[in-house]
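Input: a single structure, listed below in structure tokens.
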Amino acid sequence: MSEPQKVPLKSVSASNSSSKSPSEQFTERESNELVIGFSGPVGSGVDILKDRAAEILNQQGYAIQHIKLSDLIKKFALTEEGNFLGKISGFQPKDRYKILQKAGNDLRQRFGNDILAELAITKIATIRTKQVPEGQTVKEYIPPKTAYLIDQLKHPGEVKLLRTVYKDLFYLIGVFASADQRKINLKSTLDIEETDAISIMEKDRKENIDHGQQLDKTLKLSDLFIRNTHAHNDRIDAQFTRFHELLHGKIGISPTNHEHAMYAAYSAGLRSACLSRQVGAAISDKEGNIIATGCNDVPKSGGGLYNEMSQPDSRCVNKDGGKCYNDHHKNLMVQKITQSLVENANLPQEKAGEVALAIKSDAGLKDLLEFSRSVHAEMDAITTIARVGASTTKGSYLYTTTYPCHNCARHIIAAGITKVFYIEPYEKSLARELHRDAIESDPEEEERDTINVQFMHFEGISPRQYQNFFYPAGERKDNKGIAKKYSKPQGQKIIAQILDDYRDLESKVSEHLTSANGIPDELFSD
């Protein structure tokens, strides 16, 4: 056997030995920028929050750049022939939303659902390029402390592209207000009738076309949720200031009871293997102690739900070829309707099938829940308390990642739960309609006691950012055991984002390894 080839270490010059390590080089290349998107239902007062955020960020040393998507829509609106119009102008304030909604939809239909994010990203790049000093390239340039505020995002495709490009520089702020308050705001601002305000609000929330506005799906992607009501106006500054301090690593800020409980609900939802969606729920007492969690999945004999430890595992994903029984039985209904139309209405088979599918959609058959094998997350949490018997649901709070369906809502009411906090609205739910006598939606003042169950949007740091924001970025005390003081940061965020991509970083590490440390690159050859 031949001896391994000996490769001598390269000599290291004095200048190389004192060169900066990759970690030091990367620290110098950390971005000082922030990209913050805002999303909220029409009439919820996003402008108010955005202006307050701009003032707070400016006080912390950030230069502010406003990116208004409505201005970009006006500029890049399309003609009937599909050409760029140049600019929308001359419309009345009451027509503004409808015209901008249509123009935005036209752009998405022609260029893709992330086109408005593309326009915003190109606008940001253009602003930055103009700042590059003469003799320096865009890639070499380290931008100053700058916050780009994007107003506002209405489609999840836009959020996805912004997160892909800016990664941990991008944060989405979701703004909510009650439907009644938003109607009042629209009627007074636009001088319109209530029917027009309701029409604008419904189209803004969700359109039944892929390239239309999908606000509900967009809002659930937020990193911070804020309820903007008259009773909470004085708390907007406190909410965003806290968000900013957490983002920049201020120590001593811990989760609120609501944030802790919603994270427990979110975490519980990750246990679900339901083929439709993952939903999590948590129940706490009034002091914030978690007394039960739940997720949506198939119940097993003896109590509880099937999980990864179950033998055998009879969840739908592992049963009968991975069949969703809810979809299966609804499809059987469509087949029976088709056959009935053929036999009783003398329709041709193909036409009968088309009519049956239309009936499934228009009559709400596609939204039926009764054929599912899964227990819903809220019911799993409630039955866990009943099964274990360690606490009571009376007077408790329930947290759920998705608005409860009408079936869960009636059990929540019967269980004596007093408050329900949710993130994602659920369009199939008839809870408000069927139980309007027992449910109060989005009250302006959360602390006010009422005989009805309060259903309200969750407010606080989202579960997706919980660990990033509440796990300490560094030591909390100095070498004398004294808590470190927080001062205005110089752009250091808890999650650093390097200006270069990973291939550039790889090259810098390899170069330092071979040149500064004298390790020969031949050793890496096979």
Side-chain angles (χ1 to χ4, degrees), residues 19-37 53 56-65 117 120-121 124-125 127-129 131-132 136-150 159-173 221-224 240-255 461-478 483-513 516:
S19 63
K20 295 178 180 177
S21 69
S23 296
E24 291 171 323
Q25 294 180 56
F26 298 162
T27 299
E28 293 176 351
R29 296 289 293 172
E30 288 182 11
S31 175
N32 298 318
E33 296 179 305
L34 276 176
V35 180
I36 299 180
I56 291 168
L57 287 166
N58 189 249
Q59 292 171 355
Q60 297 295 329
Y62 281 92
I64 306 299
Q65 294 286 351
I121 290 166
I124 291 172
I127 292 171
R128 187 188 301 110
T129 300
Q131 300 172 348
V132 179
Q136 194 175 24
T137 66
V138 173
K139 200 164 187 178
E140 295 169 334
Y141 177 60
I142 300 178
K145 202 172 176 182
T146 307
Y148 298 91
L149 307 185
I150 303 177
V159 178
K160 181 179 179 181
L161 182 60
L162 286 161
R163 283 211 170 110
T164 300
V165 172
Y166 295 112
K167 299 180 176 63
D168 292 315
L169 297 181
F170 175 77
Y171 295 89
L172 180 64
I173 313 297
L221 303 174
S222 297
D223 300 291
L224 171 68
F240 193 83
T241 297
R242 178 176 181 263
F243 173 79
H244 176 272
E245 291 173 346
L246 283 167
L247 180 60
H248 290 84
K250 183 177 181 179
I251 64 171
I253 303 178
S254 57
I461 301 298
S462 75
R464 68 182 305 276
Q465 289 290 357
Y466 188 90
Q467 293 191 60
N468 289 334
F469 277 31
F470 296 114
Y471 188 86
E475 295 295 330
R476 294 188 171 194
K477 58 185 178 181
D478 60 24
K484 289 187 175 181
K485 301 298 182 184
Y486 176 79
S487 59
K488 289 185 180 181
Q490 300 304 309
Q492 295 87 356
K493 297 179 283 293
I494 52 171
I495 308 175
Q497 182 64 51
I498 309 300
L499 291 168
D500 313 289
D501 69 31
Y502 71 89
R503 290 170 297 183
D504 293 326
L505 303 183
E506 282 177 344
S507 297
K508 289 181 180 179
V509 171
S510 298
E511 181 183 352
H512 182 268
L513 190 68

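Counting from 1, the numbers follow the sequence of the chain as shown.
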Within this structure, what is the [atom1]-[atom2] distance for the pair [X] and [Y], rounded to the nearest 0.5 Å?
X	Y	atom1	atom2	result
I498	L505	CD1	CG	6.5 Å
I495	Y471	CD1	OH	13.0 Å
H244	Y171	NE2	OH	11.0 Å
L57	I64	CG	CD1	5.0 Å
L172	I150	CG	CD1	9.5 Å
I127	Y148	CD1	OH	6.0 Å

- Report the C-alpha distance between F170 and V159 in whole Å, list the side-chain angles of each, state the deciding distance to 0.1 Å, and finish with yes or no for side chain to side chain contact (heavy atoms under 4.5 Å, CB included). CA-CA 9 Å; F170 175 77; V159 178; 4.1 Å; yes

Over all atoms of both residues, closest heavy-atom pair of [X] and [Y]:
X	Y	result
P144	Q131	CD-OE1, 4.0 Å
P255	Y466	CG-OH, 3.3 Å
L161	A117	CD2-CB, 3.9 Å
Y141	P143	O-CD, 3.5 Å
R464	L221	CD-O, 3.8 Å
R476	F470	NH2-O, 4.2 Å

- Query: Quick one: are I121 and L162 in side-chain contact, heavy atoms under 4.5 Å?
  - Reply: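 Result yes, sub-4.5 Å side-chain heavy-atom pair found.
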
- Message: Taking the side chain as everything from C-beta on, heavy atoms only, tell me whether V165 gets closer than 4.5 Å to V35.
- Response: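 They are not in side-chain contact.
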
Closer than 3.5 angstrom, by distance alone: can the side chain of [X] be matched with the main-chain N or O of [Y] as a donor-acceptor pair?
X	Y	result
S462	S222	yes
K145	Q60	yes
Q497	D168	yes
K250	R242	no

- Aromatic plane relationship, H248 with Y62 - under 30° parallel, 30 to 60° tilted, over 60° perpendicular: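 If you compare the ring of Y62 with that of H248, the planes turn out perpendicular.
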
- Task: Name all residues meeting the side-chain hydrogen bond (donor to acceptor under 3.5 Å, both in side chains) criterion together with N58; count only those two or more places apart in sequence or in a different chain, and write none if there are none.
- Result: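 Counting only residues at least two positions away or on another chain, N58 forms no side-chain hydrogen bond (donor to acceptor under 3.5 Å, both in side chains).
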
- Message: Let's go through I173 and D223 carefully: what are the C-alpha distance in whole Å and the side-chain angles of both, what is the deciding distance for side chain to side chain contact (heavy atoms under 4.5 Å, CB included) to 0.1 Å, and is it a yes or a no?
- Response: CA-CA 6 Å; I173 313 297; D223 300 291; 5.7 Å; no

- Query: What pairs of residues pass the salt bridge (charged side-chain N to carboxylate O under 4.0 Å, His left out) test when at least one of them lies in residues 497-507, not counting sequence neighbours?
  - Reply: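 Sorted pair list: R29-D500, K139-D504, D500-K508, D501-R503.
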
- Using the side chain to side chain contact (heavy atoms under 4.5 Å, CB included) rule, take F240 and I36 through it: C-alpha gap first, then chi angles, then the decisive distance, then the call. CA-CA 12 Å; F240 193 83; I36 299 180; 4.0 Å; yes

- Heavy-atom neighbours of Q467 CD exceed 12 at 6.0 Å: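 Atom CD in Q467 is not packed in, count stays at 12 or less.
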
- Message: Set out, in order, the CA-CA distance, both residues' side-chain angles and the distance that settles side chain to side chain contact (heavy atoms under 4.5 Å, CB included) for T146 and Q65, then state yes or no.
- Response: CA-CA 7 Å; T146 307; Q65 294 286 351; 4.0 Å; yes

- Task: Indicate whether any N or O donor in one side chain lies under 3.5 Å from an N or O acceptor in the other, for T137 and E140.
- Result: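 Yes, a side-chain donor-acceptor pair sits under 3.5 Å.
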
